[in-house]
Number of protein chains: 2
Amino acid sequence: MLMPVIPLYRTDAVPHPQAQVCVACEVRQAALFGALDDAGLARIHEHIPSTEWAPDAVLWRRGERGSAAYTLRSGIVRFERITSSGERRIVRLAGRGDLIGQQALLGEAYADEAVACTPVRMCRLPAPMIQRMGAEEPALLQELMRRWQRAVDEAEGWLAELTTGPARRRLLRLLDRLAADAEPGALLWMPRRDEIGDMLNMTVETASRVVSQLRREGVLTLQGPRNATVEAAALRAALEAEDAG
Amino acid sequence: MLMPVIPLYRTDAVPHPQAQVCVACEVRQAALFGALDDAGLARIHEHIPSTEWAPDAVLWRRGERGSAAYTLRSGIVRFERITSSGERRIVRLAGRGDLIGQQALLGEAYADEAVACTPVRMCRLPAPMIQRMGAEEPALLQELMRRWQRAVDEAEGWLAELTTGPARRRLLRLLDRLAADAEPGALLWMPRRDEIGDMLNMTVETASRVVSQLRREGVLTLQGPRNATVEAAALRAALEAEDAG
DNA sequence: CGAGCCGTTGAGGGGATTCAAGCTCAGTGG
DNA sequence: CCACTGAGCTTGAATCCCCTCAACGGCTCG
């Protein structure tokens, strides 16, 4: 009869429970820890709490000083600012797999307000943990910087694509992005008209008019107030017609 | 009579010539190496070439893969993209002390084109050097990430402040920023009308009209085609009038 | 000196805003 | 049960800001 094998040394070779959770994470490839191999993940001995937020929940406000970054597991978060003339402007969206709140890793205050657009699930990554892991795993720091660069590109791309041209074109481009980021198979998130307005720099009335127009054209079909489906072919055709003219 | 002191050992304690150059750099405080103390600077054994560029010189194009980041010692650089409908959009400006081209440190291609707006002087910081120094001096990595975050804030602030409201307000805000970043005492850089247009999302004609109007009001005085002075009080008053309405 | 770039100004039209009204729907309380 | 309310969405009409089209002047440069 065999006796159970009892290791004499290195019992710590058994991965920590949290590492097992992260290995199984459904967004691991896209997430910050995607940079770590299983051995790297095995060193995560901290508890990484997963939190849930309802739509319209404020994740943080401008000026607050956070103590953690977050990995978005599902849902959509918007970042907004108030301009010096008092208007709200939505400057970026984050979705599944994105890292948000990186400023906290530098001890800096948030320059914008983060609000959940849909139900949101995210993992809290405490700043000290990231800093400790970064010292051990240079790959993590590399990946962190890559995230920052992605945020810059996102913001600049948003500026270039979603603030130029007539209202119709801007809305088509927004739908294109939303469709691209949508969780596969699911309905896509349909922003409120005033959110569209503050994203695309137009009034609620104009946003409503253009949405209605696209609905009549069959590009867009509303499924309840906060969801919709898009006819991919029609959307592409409409976009090309815009870019041609 | 005193003999000159000749050290017997540790002649290498004498800072490397390049470190001396960096210690004396006129933008050191604002620059990436501001994070390093003199001892840290002493370890720079590489040659850091300073390059000069004439206005309209293209520093890099979209899609190119650089091998260095740069510290701007003087002048203004614009970053532009071509939208999918073929229009040029200027998405950010960089000035004295800014770090540009950080993507190269990650081996990523540039997503936008960088062009000198004025005569530009900058120092080339090769990617391998930054990586090696970063491994030795965590403060440098910290500062590097801080720069990235600043780029994100810049881009989002640009989006929020320079794309909203009537043409007049947008131009006033641009002038406000240019005045803030101007090298002290010097005239401020006056963009071409088509540059203003591509920054603020308006036509050259509208840009010209608004500039002329501000000139008549005494807010702005042109000093040659590429320079101007602003009446600080008048600018502030005009901005407040805008924000009130 | 004509060509071309840059800036300016005018006239007219169009797309978005403004102002206004009405609609649906969920929540509330009489 | 249903009026009442308010939030969100839609649609209409009038206005206005900005774009488009156009012409012209100053300037540099081949």
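Throughout, a chain's letter reflects where its sequence line sits, starting with A, and its residues are numbered from 1. Note that the coordinates shown come from a computational prediction; the quantities given were computed from them, not determined experimentally.
Within the 4.5 Å cutoff, no side-chain heavy atoms of B:Pro225 are placed close to those of B:Met190. Contact annotation: the side chain of B:Asp112 never approaches that of B:Glu80 to less than 4.5 Å [non-hydrogen atoms, C-beta and beyond].
Separating the CD atom of B:Gln213 from the P atom of D:dC18 is a distance of 12 Å, rounded to the nearest angstrom. The nearest whole Å value for the distance from the CG atom in A:Leu222 to the C1' atom in D:dT10 is 12 Å. For the pair A:Ile196 CD1 and C:dT17 P, the interatomic distance rounds to 13 Å; values are reported in whole Å. For B:Leu214 and C:dG7, the CG to C1' distance is 15 Å, given to the nearest whole Å. Counting to the nearest Å, the C1' atom of C:dT9 and the CZ atom of B:Arg193 are 14 Å from each other. Separating the CG atom of A:Asp56 from the P atom of D:dA7 is a distance of 14 Å, rounded to the nearest angstrom. Atom CD of A:Glu195 and atom P of D:dA7 are 16 Å apart (whole Å). Atom P of nucleotide C:dT8 and atom CG of B:Leu171 are separated by 11 Å, given to the nearest angstrom.
Residues B:Arg193 and B:Ser208 bring no donor and acceptor atom of their side chains to less than 3.5 Å of each other. A donor and an acceptor atom, one from each side chain of A:Thr163 and B:Arg89, are located under 3.5 Å apart.
Contacts of A:Arg170 with the nucleic acid, taken as non-hydrogen atoms under 4.0 Å apart, are absent. Within 4.0 Å of B:Arg168, counting heavy atoms only, lies no atom of the nucleic acid at all.
The phosphate of D:dT10 has neither OP1 nor OP2 within less than 4.0 Å of any side-chain N or O from A:Arg216. At C:dT17, one or more side-chain N or O atoms of A:Thr203 fall inside 4.0 Å of OP1 or OP2 (strictly under the cut-off). In this model, the phosphate group of D:dC19 is approached by a side-chain N or O of B:Thr206 to a distance below 4.0 Å at OP1 or OP2. Applying the 4.0 Å criterion to OP1 and OP2 of D:dT10, one finds that A:Ser208 has a side-chain N or O inside that range. Contact annotation: B:Arg226 does not reach the phosphate of C:dC6 (side-chain N/O to OP1 or OP2, under 4.0 Å).
Listed candidates were D:dT10, C:dT9, D:dC9. Nearest to the side chain of A:Asp194 is D:dC9. Picking from D:dC9, D:dT10, C:dT17 the nucleotide with the shortest atom distance to the side chain of A:Ser212 gives D:dT10. Considering only side-chain atoms of A:Met202, the nucleotide from D:dT11, C:dT17, C:dT8 that sits closest is C:dT17.
In this structure, B:Arg62 forms no cation-pi arrangement with B:Tyr110, as its terminal cationic atom is not both closer than 6.0 Å to the ring centre and no more than 45° off the ring axis.
We find that B:Arg81 and A:Glu156 are joined by a salt bridge, their nearest charged nitrogen and carboxylate oxygen being less than 4.0 Å apart. We find that A:Glu161 and A:Arg173 are joined by a salt bridge, their nearest charged nitrogen and carboxylate oxygen being less than 4.0 Å apart.
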> With the sugar-phosphate defined as primed atoms, P, OP1 and OP2, and the base as all remaining atoms, what B/S/- string results for nucleotides 22-30 of chain D, 5' to 3', for protein heavy atoms under 4.0 Å?
Replying inline: B--------
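Residue B:Arg226 qualifies as enclosed at atom CZ: its count of foreign heavy atoms under 6.0 Å is above 12.
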